[in-house]
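Just follow the structure's listing: the first ligand is 1, and inside any ligand the first atom is 1. Because the structure is predicted, anything quoted here is derived from the model rather than measured. Just so you know, these numbers use all the heavy atoms, side chains as well, and skip hydrogens, waters and symmetry mates.
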Amino acid sequence: MTASDVNRGPAGPDDGAVGRTPTGGDGPADRKRPSQRLYNHPAAGWGAAKSVGRVLVKEHAFVDGPRAVFRMNHENGGFDCPGCAWPDDIKGLKLDICENGIKHVTWEMTPKRVGADFFARHTVAELSTWSDFALEDQGRLTEPVVYDAVRDRYAPISWPDAFALIGRELRGLDSPNEAAFYTSGRLGNEATFLYQLMAREFGTNNLPDCSNMCHDASGRALQAALGTGKGTADLADWEAADALFIMGVNAASNAPRMLTALADAYRRGAQIVHVNPLIEAAATRTIVPHDMTDMALFKSTPTSTLTIQVRVGGDMAFLRGVAKAVLEESAHDPKALDHEFIGRYTFGFEDYRALCEATSWEQLEEQSGVPRADILKAARIYSASDRTLVSWCLGITQHEHGVDTVREIVNVLLLRGNLGREGAGPSPVRGHSNVQGNRTCGIDHRPTPDFLDRLADACGIDPPREHGLDTVRTIEAMNEGRVKVFLGMGGNFALAAPDTAYTAQGLRRCALTVHVSTKLNRSHLVHGGKALILPCLGRTEKDHQRRGVQGTTVEDSMSMVHLSVGMKKPASPHLLSEPAIIAGIARATLPGSRTPWESYIEDYDRIRDTMAQVLLGFEDFNRRVRLPLGFRIRQPARELAFLTPSGRAEFSAAGLPDAPPPGDVIVLQTMRSHDQWNTTIYSDNDRYRGVSNIRTLILMNGEDMRARDIATGDLVDITATARDGSRRRLKRYRAIEYSMPRGCAAGYMPEMNVLVAASDYSRQSDQPLMKNIMVRVTPSPQQ
Ligand SMILES: Nc1nc2c(c(=O)[nH]1)N[C@H]1C(S)=C(S)[C@@H](COP(=O)(O)OP(=O)(O)OC[C@H]3O[C@@H](n4cnc5c(=O)[nH]c(N)nc54)[C@H](O)[C@@H]3O)O[C@H]1N2
Ligand SMILES: Nc1nc2c(c(=O)[nH]1)N[C@H]1C(S)=C(S)[C@@H](COP(=O)(O)OP(=O)(O)OC[C@H]3O[C@@H](n4cnc5c(=O)[nH]c(N)nc54)[C@H](O)[C@@H]3O)O[C@H]1N2
Ligand SMILES: [Mo]
């Protein structure tokens, strides 16, 4: 059976798929007519409570679910929500939770199990015809399995044999660089540290991770501008800001606990500006979920004072417009700029000023898609605010000019000295719960020489110095036979990565693919000649080791590091923790290793003692991480010390991106629905956007639809043209009219990764252009 054979649904990719589209229903996604009611419900509140109830019932998690939820994100003894990376409430709020976090936790706590009998019943060819939803819905993986090519089935294997198999394959490679070690941002800090140590002791920096698709643009921009790869604001700053700019994030779905911060900000009279092509739920109103009076009275609080519907990819021009307006104002109001701050702490201001002055309002309007009057409104809010914070997520980063756009955010902040003081600064919203910690603890295919030196000193290894492969380069290398072993620590590489067919082909060309996972997913079915699935403990589960129950640490979006201790009985007695799996692989791969792998696993404090020697800001790690809220990693930029070439915060003066594409080309952005976690789909609904029963859709501007003779509900074909001229197509998607600027469209990841060419990545950040796909949309031919 070939890849495209399995695409039998009425809506499905033309080319490039590796399986049925993920769907929460029991059949093809659009068997039922899609319905789109544009809800006017406030975000969170009772709608969210109802949705959580449904999930708890579905996962039969009524007994453990509520108990676990009350232990989540607690300052003492709880586990960190494995969902998003929003920080925990600093006042120790007792119900610091959200609908999607609860869904996420109960997803992990399902009583359903996938054991040897399951794999005996189903061939891989058969499982490949299942929807992605159906695969994960089978429940938790319970024992290690190995692919048996003769029977086309996975079969049980012991842990020692599994490790030995990996060790043999890795040691048999011509070069350590023929292996790639992928991380999804779930992995705790201790496992992360061991994982990169194993890869580097083995001899490679091939450490692709989900950040390569997520926030590398933010990291690179902030590093260049401020000498730190992270935001400088923390939750206390969110509580003190006079103006908050929320750019390119769907907070109500993807960082729901931000809603509380926005509602609080509104109540104290702060200005909240949302910049997004869509008017997302967080840009309307919310019922604060833990405010019982609000819940009881259905009382909602607005969460926006201004919404700017920017063109997809138009943010940099918008921001430059704000800067231009502030500079114009400074001609008659000296207080418009913070001259003292600019003079003392920044570098490159005059070049930036000249560039803003030389850019015409016409160009800014055309590229941003925002009328000058609206840019001026936003600029007035910015000028009137003493303390401004800018937050952003993927709408800013997954673009060709993601790095320049984040630098433009910093430029705007610097003009009025919004850095290193209360209520101000850049504050990116990170994705996976520990994606920021992964980078801090060494998952980086471009490690700094300084980091490698400290690693070498503390661990007595000789790490390779040349840069390794990122996500996109790994896909290319697998296809070209340069990478032969792929190891995935969590995640679902086959679906999350761009260019689904090409990625699948790469994975299939590997000699060995290994996935450390909690649930069955597509990546297990798109496998190499040899393949292993290794099941691990989830974050909610008790991790018993020789010296007692172990906790692992995580770092949130705002650089707070704290301990997370699982409390649930493991889903199966055969599960190992992620650190133990890594240590097992390391021992089998590095027979002469002097790293104390076994001792590390007996007591994770020992891993943390080594980490304290290697990682800056982790001094006295074991003690500080046991403080009630953990600790914040010290950040020089927050204290106005800048580790940049000039020793100052650096303005950038980059040219604006290209104008909107000509002709009938539409810029398509791919995003998440409310009911999904990346490649995990909970249902076919997207409540806040008023969509139900469908994921195979494309949201479009009404005039664009009429110009193409398309009405809401019509079937359309979407053809993407890559930079190299190659084409990728999705057929028979439903078009739905939605409020957004002309020339823009939106649809769901991961299905639409079929359209993203692997070669179309940003030359600035190397991130695939997942929000910048050039497409033509045409009515589907009658069948
Ligand atoms: N429940 C839930 N929570 C999650 C996740 C999940 O899948 N489910 N995923 C986690 C991960 S890994 C991440 S990285 C984050 C992702 O969090 P988000 O960044 O919110 O993720 P997306 O769903 O991709 O939404 C992108 C948003 O940017 C807007 N946008 C698109 N293009 C542009 C543009 O050019 N300019 C501007 N200004 N806006 C634009 C879209 O309309 C949308 O509102 O969420 C994390 N949290
Ligand atoms: N088109 C498009 N594509 C995108 C994006 C987009 O916006 N548009 N966003 C990108 C972004 S931001 C990201 S972060 C990536 C996400 O990419 P990934 O992180 O690779 O994907 P996930 O869907 O988060 O991974 C889900 C799987 O993780 C495993 N898992 C869950 N919990 C655990 C655990 O505790 N331990 C282990 N070992 N495994 C676990 C389960 O088996 C589950 O099936 O997708 C990227 N892809
Ligand atoms: Mo992400």
Numbering the atoms of ligand 2 from 1, which are under 4.0 Å from a heavy atom of [X]?
X: Cys210; answer: 14 (S)
X: Asn521; answer: 27 (C), 42 (O), 43 (C), 44 (O)
X: Val516; answer: 37 (C), 38 (N), 39 (N)
X: Ser517; answer: 39 (N), 42 (O)
X: Lys771; answer: 7 (O)
X: Trp677; answer: 23 (O), 24 (O)
X: Glu578; answer: 34 (C), 36 (N), 37 (C), 38 (N)
X: Gly490; answer: 37 (C), 38 (N), 39 (N)

**Item:** Sidechain N-carboxylate O distance under 4.0 Å for Asp686, Arg695
**Value:**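 Salt bridge: no.
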**Request:** Please determine if Asp675 and Arg687 form a salt bridge, counting it only when a charged side-chain N lies under 4.0 Å from a carboxylate O.
**Result:**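 No salt bridge links Asp675 with Arg687.
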Select one of side chain, backbone, both or neither to describe which atoms of [X] lie under 4.0 Å from any atom of ligand 1, heavy atoms only.
X: Ser253; value: backbone
X: Asn250; value: both
X: Gln669; value: side chain
X: Val310; value: side chain

Quick one: look up the protein heavy atom nearest [atom] and list residue, atom name and how far away it is.
atom: atom 25 (O) of ligand 2; result: Gly491 CA, 3.2 Å
atom: atom 20 (O) of ligand 2; result: Tyr182 OH, 2.7 Å
atom: atom 7 (O) of ligand 1; result: Asn678 N, 2.6 Å
atom: atom 13 (C) of ligand 1; result: Gly431 CA, 3.2 Å
atom: atom 21 (O) of ligand 1; result: Asn254 ND2, 3.0 Å
atom: atom 14 (S) of ligand 1; result: Cys214 SG, 3.0 Å
atom: atom 32 (N) of ligand 2; result: Arg186 NH1, 2.4 Å
atom: atom 44 (O) of ligand 1; result: Glu280 OE2, 2.6 Å
atom: atom 38 (N) of ligand 1; result: Asp315 OD2, 2.7 Å
atom: atom 35 (O) of ligand 1; result: Gly313 N, 2.7 Å

**Asked** So which heavy atom on His274 is nearest to which on Thr303, and how close?
**Response**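 Of all heavy-atom pairs spanning His274 and Thr303, the closest is NE2-O, 2.8 Å.
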**Request:** List the atom of Cys536, the atom of Glu578, and the distance in Å for their closest heavy-atom pair.
**Result:**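 Taking Cys536 first and Glu578 second, the nearest heavy atoms are SG-OE2, 3.7 Å.
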Cut-off 3.5 Å, side chains only: do [X] and [Y] have a donor facing an acceptor?
X: Gln764; Y: Asp404; value: yes
X: Asn189; Y: Thr553; value: yes
X: Trp392; Y: Ser218; value: yes
X: Thr500; Y: Asn753; value: no
X: Ser739; Y: Gln309; value: yes
X: Ser128; Y: Arg522; value: no
X: Gln398; Y: Lys771; value: yes
X: Ser762; Y: His401; value: no
X: Asn212; Y: Tyr761; value: no
X: Arg672; Y: Asn678; value: yes
X: Thr192; Y: Asn438; value: yes

At under 4.0 Å between heavy atoms, which part of [X] makes contact with ligand 2: side chain, backbone, both or neither?
X: Thr679; answer: both
X: Glu136; answer: side chain
X: Ala496; answer: both
X: Leu394; answer: side chain
X: His515; answer: neither

Can you check which of [options] brings a heavy atom nearest to [atom]?
atom: atom 29 (C) of ligand 1; options: Asn276, Thr405, Leu278; result: Asn276
atom: atom 11 (C) of ligand 2; options: Gln398, Arg672, His432, Met671; result: Arg672
atom: atom 41 (C) of ligand 2; options: Leu135, Thr518, Thr500, Leu495; result: Thr518
atom: atom 33 (C) of ligand 1; options: Gly395, Ser368, Ala282; result: Gly395
atom: atom 8 (N) of ligand 1; options: His674, Arg689, Gln676, His401; result: Gln676
atom: atom 4 (C) of ligand 2; options: Met489, Met749, His524; result: Met749

**Request:** With heavy atoms of Val275 as the reference, note each atom of ligand 1 found under 4.0 Å away.
**Result:**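 Result: 38 (N).
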**Request:** Could you tell me which atoms of ligand 1, counted from 1 in the order shown, lie closer than 4.0 angstrom to a heavy atom of Val312?
**Result:**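 Listed by number with element, the hits are 35 (O).
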**Request:** Could you say whether the N/O atoms of Asn753 and ligand 2 ever approach to under 3.5 Å?
**Result:**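 Between Asn753 and ligand 2 (N or O atoms, distance only) the closest approach is under 3.5 Å.
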**Asked** ligand 2 and Leu520, any nitrogen or oxygen pair closer than 3.5 angstrom?
**Response**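 Not met; the criterion fails.
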**Item:** Test side chain to side chain contact (heavy atoms under 4.5 Å, CB included) applied to Met671 and Leu699, Asn254, Leu394, the passing residue
**Value:**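 That would be Leu699.
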**Item:** Qualifying residue for side chain to side chain contact (heavy atoms under 4.5 Å, CB included) with Arg140, from Lys112, Glu541, Met109
**Value:**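 Testing Arg140 for a side chain to side chain contact (heavy atoms under 4.5 Å, CB included) against Lys112, Glu541, Met109 leaves exactly one candidate, Glu541.
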**Prompt:** Applying a strict 4.0 Å limit to heavy atoms, is Gly185 in contact with ligand 2?
**Reply:**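 Outside the 4.0 Å threshold, so no.
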**Message:** Please confirm whether His215 approaches ligand 2 to less than 4.0 Å, judged on its heavy atoms.
**Reply:**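 Distance cut 4.0 Å: His215 fails for ligand 2.
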**Request:** Can you label the angle between the Phe493 ring and the Phe486 ring as parallel, tilted or perpendicular, going by 30° and 60°?
**Result:**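 Plane angle between 30° and 60°, so tilted.
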**Message:** Please verify the inter-ring angle class for Tyr154 with His527; under 30° counts as parallel, over 60° as perpendicular, anything in between as tilted.
**Reply:**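 Rings of Tyr154 and His527: perpendicular, as their planes differ by over 60°.
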**Asked** Are Leu576 and Ile581 side-chain neighbours, meaning at least one heavy-atom pair lies under 4.5 Å?
**Response**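 Sidechains of Ile581 and Leu576: in contact.
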**Gap between atom CD of Gln436 and atom CD of Glu555 - 0.5 Å precision** =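 Glu555 atom CD to Gln436 atom CD measures 4.5 Å (nearest 0.5 Å).
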